[in-house]
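This is a predicted model, so every value here is computed, not measured.
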Amino acid sequence: MYFSAAPAFLPQATGQGGTGQSAAHLLAQSSSTHSSAVFLVEFGAIILGLGLLGRFAGRFQLSPIPLYLLAGLAFGEGGLLPLGASEEFVAIGAEIGVILLLLMLGLEYTATDLVSNLKTQYPAGLVDATLNALPGAAMALLLGWGPVAAVVLAGVTWISSSGVIAKVLGDLGRLGNRETPVVLSILVLEDLSMAVYLPIVTALLAGVGLAAGSATLAIALGTAGVVLLVAVRYGRHISRFVSSDDPEKLLLVVLGVTLVVAGLAQQLQVSAAVGAFLVGIALSGEVAEGAHSLLAPLRDLFAAVFFVFFGLHTDPASIPPVLVPALVLAVVTALTKIATGYWAARRAGISAKGRWRAGGTLVARGEFSIVIAGLAVTAGIEPSLGPLATAYVLILVIVGPLTARWTEPVAMSITGRLRGRRATAGPGEGGTPSPSPSPSSPSPAPSPPASAGAHEALDERNAADRA
């Protein structure tokens, strides 16, 4: 009865205003249901694919970041299967991913740790910034991208990947090594410097004037100083206020406070990431440990979404034209990072092997380089900056674990061979140079008889080395 009456009912409905509106509402509701279904399928496929990629990377003890970026390239503009319905939600998830990355980073450190690192390790931080930021700025200027892109690319090449390096240190069993505190101190200084660097970049990308940019920077520095002061003096009280024995309530309070502070920071043009970082610093003790364990799965989920989102906005066809500059920049900044770690470890009194290990460990770039480049991509400063940063991070996030493992044995092998060649060459044959005569002496003095014994001893040592 119902099906036989339906065809007669529909034509009548189109002629009546109220019933026609109901039909239009039904059609709109059906379209909305269809788009929701497409969104669920697309987003579910993204999460499933990321899980499989992460499992594949873990099997070979690699960082999943390059695979996440490649997944974004495959599903983005010019990719194999561009997304439609879920792209807006992925954008929101990516922003939450950045906030959680910086929050979790802040939870790793206390305000006291940051202050002590600033006092003792600031020379290493200055060397790190000089050696690794200048190549990026120089490359941007050589490519004709302008000063704003130069500041952004300087940050991309400067900041090492804390996440990748922490995983590498654990995988290689080096958490207890003497050089590891030096590596961590450099990472802490880099992370802390983001509280100053990100507001500068945000102001430059927004195109504000000198006065407004100075005001933004002053607000950022003042906010960071106040938060550090409050965290040092009243950190226990803040942690006690946030603390809860119920994991659900602790998660909701910490996440809610972080999002509110990040939103207020974004409204003040300070950067939501900096706001989240400062919230993490303000929490300490058992609250920080509990929040860290509760938020870690959320961070991993939304951070993966962030890397996919960055890849979504990078056309794969735009990478080949910038591949050569990215490769040159990767080689140069890998060497400068090794030099940074070597110098810092030498300053701390670490042995030669530990110096090379520290330098090789710092090579990897990753999440924060992409965060910085993502700000520029969103602002539309330079179309080629995003592809260059993607290729650069892909290279170094793959090479980084390899340099952490092999820099020390390769360097020690090379230096050992060079010492052996100098020793076997002997004086006057490319080895240790013979002492020059004193300017005040008219002619060189004859060698004493003991020199023959010295040469014999040297020959015996060289023979032992060769054996």
Side-chain angles (χ1 to χ4, degrees), residues 63 65-66 68-73 76-77 90-91 94-95 97-99 101-102 105 129 132-164 190-191 193-194 197-206 271-274 302-323 325-330 332-333 337 364-398 400:
S63 170
I65 293 176
Y68 295 160
L69 290 173
L70 292 175
L73 292 174
E77 302 173 1
V90 170
E95 189 169 356
V98 175
I99 292 172
L101 277 172
L102 272 295
L105 183 65
N132 297 285
L134 289 181
M139 178 63 73
L141 294 177
L142 288 175
L143 294 174
W145 290 354
V148 176
V151 175
V152 173
L153 194 57
V156 171
T157 59
W158 172 19
I159 304 295
S160 297
S161 173
S162 301
V164 174
E190 288 181 352
D191 299 334
S193 66
M194 292 187 70
Y197 173 80
L198 287 178
I200 295 176
V201 172
T202 303
L204 292 175
L205 294 176
S271 174
V274 174
F302 286 103
V305 172
F306 166 73
F307 294 123
V308 171
F309 176 74
F310 186 84
L312 289 176
H313 288 264
T314 303
D315 189 352
S318 62
I319 291 182
V322 297
L323 191 57
L327 185 59
V328 172
L329 201 57
V332 172
T333 54
K337 275 292 183 183
R365 274 38 163 220
E367 60 273 19
F368 298 113
S369 296
I370 298 298
V371 168
I372 296 169
L375 297 175
V377 171
T378 304
I381 295 299
E382 174 56 47
S384 298
L385 198 151
L388 176 61
T390 301
Y392 174 78
V393 170
L394 282 173
I395 294 171
L396 288 185
V397 81
I398 295 173

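A pairwise comparison of heavy atoms in Ser160 and Phe368 identifies O-CD1, 4.2 Å as the closest pair. The two residues Leu385 and Ala373 make their nearest non-hydrogen contact at CD2-CB, 4.2 Å. The minimum heavy-atom distance between Gly136 and Leu153, with the atom names listed, is O-CD2, 3.3 Å. Scanning both residues, Trp145 and Ser384, for their nearest heavy atoms gives CZ2-CB, 3.6 Å. The two atoms that bring Pro321 and Ser318 nearest to each other are CD-O, 3.4 Å, heavy atoms only.
Distance check: Leu205 CG to Ile381 CD1 gives 5.0 Å after rounding to the nearest 0.5 Å. We find the CG-CG distance between Leu142 and Leu329 to be 10.5 Å, quoted to the nearest 0.5 Å.
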May I have the list of side-chain donor-acceptor pairs in residues 386-397 shorter than 3.5 Å, sequence neighbours left out?
residue : atom : partner : partner atom : Å
Thr390  : OG1  : Gly386  : O            : 2.9
Tyr392  : OH   : Thr333  : OG1          : 2.8
Tyr392  : OH   : Arg365  : NE           : 3.4

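For Ile372, the side-chain contact (heavy atoms from CB on, under 4.5 Å) partners at least two apart in sequence or on another chain are Val152, Val156, Ile159, Tyr197, Leu198. Judged as a side chain to side chain donor-acceptor pair (under 3.5 Å), and not counting sequence neighbours, Glu95 has no contacts. By the side-chain contact (heavy atoms from CB on, under 4.5 Å) test, Ala129 is found to be paired with Trp158, residues two or more places apart in sequence or in another chain being considered. Glu382 meets the salt bridge (Lys or Arg N to Asp or Glu O under 4.0 Å) test with no other residue; sequence neighbours excluded.
Using a 4.5 Å heavy-atom cutoff, the side chains of Leu143 and Val322 are not in contact.
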